[in-house]
Amino acid sequence: MEYVRASDEELIAMIADGQSEALEALYDRYSGVAYSLALRILGDRGAAEEVVQDTFVSVWRRAGTYRAKAGRPYSWMLGIARNRAIDELRRRRTPGRDRATFGSGPRETPDPAPGPAEIEEDAARVSELRFVVGGALQRLPDEQREVLELAYLQGLTQREISERTGIPLGTVKTRTRLALKKLKETLTPLMRGRVDLDGV
């Protein structure tokens with residue numbers, strides 16, 4: 001079975017059957033969307049990455065409980081990611097309590113959970129953005145694309161990129177600056193009115 005071409009529903013069924021390759025395929029397909037959602041809620045890259053990992057561990061464990069009437073698979077997964085992120089936000093806002101004890105006593109009420117239509121709309125926007133940005137990345141010279149991918153996809157600092165690749169730190173900084181400038185020039189006309197690129 002070629003997992004990349006399988007539908008979401010087929011992948012969920014294979015995960016329920018214990019096929020780890022199906023989980024990897026689903027992770028490749030939706031981890032970016034889950035990360036974007038968690039980052040929007042938490043505002044912390046490290047915490048958002050942990051939420052993504054927790055989400056897919058939960059998918060692995062709960063795939064057998066998925067039912068189509070609960071919504072499409074990615075809506076189901078993003079619901080798990082959002083709940084994990086809100087749990088983490090609550091934990092951070094409640095000093096001295098952990099997840100196990102948070103349920104007792106007064107607590108902040110999170111924003112109402114989005115409906116399936118809102119989740120699907122968010123997923124579509126993120127998917128479109130990833131497609132556009134991915135195309136722009138492919139137009140960069142290889143050496144510039146490499147430093148951006150290491151920084152933004154793997155979360156490495158410029159010093160860590162230098163250590164991993166053997167490229168001098170000053171060169172890493174220059175390539176990053178040039179790459180971001182080219183990305184902005186490419187993306188601004190495409191994304192006008194959609195994304196604020198002034199900080200790039």
J.: Do Met77 and Val33 have side-chain heavy atoms sitting under 4.5 Å apart?
T.: no

J.: Short question: side chain of Arg84, backbone of Val51 - any donor-acceptor pair under 3.5 Å?
T.: no

J.: Who pairs with Arg62 by side chain to side chain donor-acceptor pair (under 3.5 Å), at least two apart in sequence or on another chain?
T.: Ser58

J.: How many angstroms lie between atom CG of Asp44 and atom CD of Glu49, to the nearest 0.5 angstrom?
T.: 9.0 Å

J.: Could you report the tightest heavy-atom contact between Leu42 and Ala48, atom names first, then the distance?
T.: CD1-N, 4.2 Å

J.: Can you see which heavy atom on Pro73 is nearest to which on Glu9, and at what distance?
T.: CD-OE2, 3.3 Å

J.: Would the distance check show the side chain of Asp17 and the main-chain N or O of Ala13 forming a donor-acceptor pair, the cut-off being under 3.5 Å?
T.: no

J.: After noting the C-alpha distance and the side-chain angles of Glu163 and Leu169, does the key distance pass the side-chain contact (heavy atoms from CB on, under 4.5 Å) rule?
T.: CA-CA 8 Å; Glu163 292 171 354; Leu169 180 58; over 6 Å; no

J.: Using every non-hydrogen atom in the two residues, find where Ile41 and Arg82 come nearest and quote the distance to one decimal.
T.: CD1-CG, 3.7 Å

J.: To the closest 0.5 Å, what do you measure between CG (Leu37) and OG1 (Thr55)?
T.: 8.5 Å

J.: Quick check for you: to the nearest 0.5 Å, what is the distance between Glu50 atom CD and Glu88 atom CD?
T.: 6.5 Å

J.: To the nearest 0.5 Å, tell me how far Gln158 CD sits from Thr174 OG1.
T.: 9.5 Å

J.: Can you tell if the side chain of Phe56 reaches within under 4.5 Å of the side chain of Ile80, non-hydrogen atoms only?
T.: no

J.: Apply side-chain contact (heavy atoms from CB on, under 4.5 Å) to residues Ile167 and Glu146 and explain how you reach the verdict.
T.: CA-CA 11 Å; Ile167 301 170; Glu146 178 187 25; 4.2 Å; yes

J.: Compare every heavy atom of Gln144 with every heavy atom of Arg175, then report the nearest pair and how far apart it is.
T.: O-CG, 3.9 Å

J.: Nearest heavy-atom pair of Leu26 and Ile15: which atoms, and what distance?
T.: CD2-CD1, 3.8 Å

J.: Can you tell me how far the CZ atom of Arg29 sits from the CG atom of Asp8, to the nearest 0.5 Å?
T.: 5.0 Å

J.: Give me the atom names and distance for the closest heavy-atom approach of Ala34 to Ala81.
T.: CB-CB, 4.2 Å

J.: Parallel, tilted or perpendicular: which one describes the rings of Tyr66 and Trp76, with boundaries at 30° and 60°?
T.: tilted

J.: For Asp87 and Arg90, what are the C-alpha separation, side-chain angles and deciding distance, and is it a side-chain contact (heavy atoms from CB on, under 4.5 Å)?
T.: CA-CA 5 Å; Asp87 285 347; Arg90 287 173 173 170; 3.9 Å; yes

J.: Leu150 vs Thr165, test: side-chain contact (heavy atoms from CB on, under 4.5 Å). Steps then yes/no.
T.: CA-CA 10 Å; Leu150 289 171; Thr165 61; 3.7 Å; yes

J.: Is the backbone N or O of Glu21 less than 3.5 Å from a side-chain atom of Glu24, with the two atoms forming a donor-acceptor pair by type?
T.: no

J.: Is there a continuous path of hydrophobic side-chain contacts, each under 4.5 Å between heavy atoms, that joins Leu178 to Val147?
T.: no

J.: Count I, L, V, M, F, W, Y as connected when their side-chain heavy atoms are under 4.5 Å apart, and connections chain through other members. Are Leu78 and Tyr35 then in the same cluster?
T.: yes

J.: Do the side chain of Ser31 and the main chain of Tyr27 share a donor and acceptor less than 3.5 angstrom apart?
T.: yes

J.: Is a side-chain donor or acceptor of Glu10 paired with a backbone partner of Ser7 at a separation under 3.5 angstrom?
T.: yes

